[in-house]
Amino acid sequence: MTSSFIDDESSLTPFRKKVYKLVHQIPKGKVRSYGSIAKELQTSARAVGTAMGSNPWGPCDKVP
């Protein structure tokens with residue numbers, strides 16, 4: 001996966017790459033819950049929250 005929103009993907013798991021890609025696609029001014037992202041990825045909101053806890057951008061206001 002080549003992207004312009006993550007400088008170094010070498011340490012990311014495939015799951016985190018998927019989460020970060022979805023979060024990056026959220027339009028400016030819009031928000032999504034961990035639950036809605038989890039549903040799209042067929043996983044749990046807790047797993048998405050854990051991935052977001054160590055995202056490369058710091059706190060993320062798009063995903064409350």
Side-chain angles (χ1 to χ4, degrees):
M1 176 171 125
T2 303
S3 61
S4 59
F5 62 94
I6 300 174
D7 293 331
D8 181 15
E9 295 182 3
S10 63
S11 65
L12 298 179
T13 65
F15 177 73
R16 285 192 173 165
K17 288 178 186 179
K18 289 177 188 177
V19 171
Y20 299 162
K21 182 178 179 183
L22 279 177
V23 170
H24 184 70
Q25 293 172 349
I26 299 171
K28 188 173 185 168
K30 301 292 182 184
V31 296
R32 290 189 60 190
S33 67
Y34 290 160
S36 70
I37 293 169
K39 188 173 183 178
E40 191 168 334
L41 294 174
Q42 299 180 335
T43 190
S44 70
R46 183 176 293 224
V48 172
T50 299
M52 289 302 297
S54 60
N55 76 67
W57 314 289
C60 185
D61 296 334
K62 291 182 176 183
V63 187

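Along the sequence shown, residues carry numbers from 1. What you see is a predicted model, and the numbers here were worked out from it, not measured in a lab.
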**Q.** side-chain contact (heavy atoms from CB on, under 4.5 Å) partners of T50, counting only residues at least two apart
**A.** R16, R46
Q) Nearest 0.5 Å, what's the CD-NZ distance between E40 and K18? A) 11.5 Å
Which atom pair, heavy atoms only, marks the closest approach of [X] to [Y]?
| X | Y | value |
| --- | --- | --- |
| V23 | M52 | CG2-SD, 3.7 Å |
| Y34 | G49 | CE1-CA, 3.5 Å |
| L41 | F15 | CD1-CE1, 4.1 Å |

